Amino acid sequence: MNKWMERAVELALENVAQRGQPFGAILVKDGEIIGEGVNELHLRPDSTGHAELLALRRAQEKLNSIDLRGTVMYASGAPCPMCFGAMAMAGIDKAYFANSLADAIAVGLGRSSEVYADLQKTDTDRVFQMIQLPVEDEEKNPMHVWYKKHNND
C-alpha cells in the first residue's frame, strides 16, 4: 500500500474509532495532500457528508478553484455514485480505492450498489424518478438567460 492510501485508510480507522463509517479520503496534487475527509454522517444529518466530497470541498477552498485537474483521490472505499460524479465534474484525474463495492456490501454498507444499479435502468424504470417540467417562457428560462448574458456582452 502506498503512503497516500495508508493515510486514507488511517483516516477511515480513526473515523470508525469515533463511531463513524469506515471511509476516509485524501486528495493529492504535486506530491502534497490538499484535502482530507471522512464520512461525517454520524456527526450531522447530511447525506452529502462523504469522505471524498469533503476532501474535494476542502481542496477547492484551499486552491480557490472548482477545477481540480492534476489531482488524484485516494479513498478507503470505492466511491459512491454521488462522489464519482463530483470527482468527475471537478476534473480529478483518477481515484484509487482500497475496499471494493463488494467489500462494502459484505459488511452491510451496500446503498451505493443500489444506486449504481438504478442508474443502469432506463429513466422510466428507475426507482428514483426524475421528471422534466420544462420552462416554456424563454425569458424566464435560467439556461437561456445565462446563455444570453454570457454570449451577448
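Just so it is clear, the structure is predicted and the values come from calculations on it, not from any experiment.
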Q: In residues 77-86, what donor-acceptor pairs under 3.5 Å come from side-chain atoms, sequence neighbours left out?
A:
none

Q: How about Asn15 and Ser76: do any of their side-chain heavy atoms sit closer than 4.5 Å?
A: no
Q: Give the minimum heavy-atom separation between Leu53 and Thr48, together with the two atoms involved.
A: CD1-O, 3.3 Å
Q: Starting from the C-alpha separation in whole Å, work towards a yes-or-no answer on side-chain contact (heavy atoms from CB on, under 4.5 Å) for Asp123 and Gln132.
A: CA-CA 11 Å; Asp123 290 348; Gln132 183 180 16; over 6 Å; no
Q: Would you call Arg111 and Glu114 a salt bridge, using N to O less than 4.0 angstrom?
A: yes
Q: Check this for me, if you would: do Glu10 and Arg7 make a salt bridge, where the nitrogen-to-carboxylate-oxygen distance has to be below 4.0 angstrom?
A: yes
Q: Under a 4.5 Å side-chain heavy-atom rule over Ile, Leu, Val, Met, Phe, Trp and Tyr, are Val72 and Trp4 clustered together?
A: yes
Q: If you group Ile, Leu, Val, Met, Phe, Trp and Tyr by side-chain heavy-atom gaps below 4.5 Å, do Leu11 and Val107 land in one group?
A: no
Q: Would you say that Glu32 contacts Asp30 through its side chain, given a criterion of any heavy-atom pair below 4.5 Å between the two side chains?
A: no
Q: Counting only heavy atoms not in Met143, do more than 12 sit closer than 6.0 Å to its CE atom?
A: no
Q: Does anything in residues 95-121 pair up under ring-ring contact (aromatic ring centres under 6.0 Å, His included), and if so which pairs, sequence neighbours excluded?
A: Tyr74-Tyr96
Q: Can you list everything that forms a ring-ring contact (aromatic ring centres under 6.0 Å, His included) with Tyr147? Sequence neighbours excluded, please.
A: none
Q: Which heavy atom in Ala55 sits nearest to a heavy atom in Gly37, and how many Å separate them?
A: CB-N, 3.9 Å
Q: State whether the side chain of Arg58 and the backbone N or O of Glu36 hold a donor-acceptor pair below 3.5 Å, judged by distance alone.
A: yes
Q: With the 4.5 Å side-chain cut-off for hydrophobic clustering, are Met1 and Val28 part of the same group?
A: yes
Q: Any Lys/Arg nitrogen of Glu139 or Lys148 sitting under 4.0 Å from an Asp/Glu carboxylate oxygen of the other?
A: yes
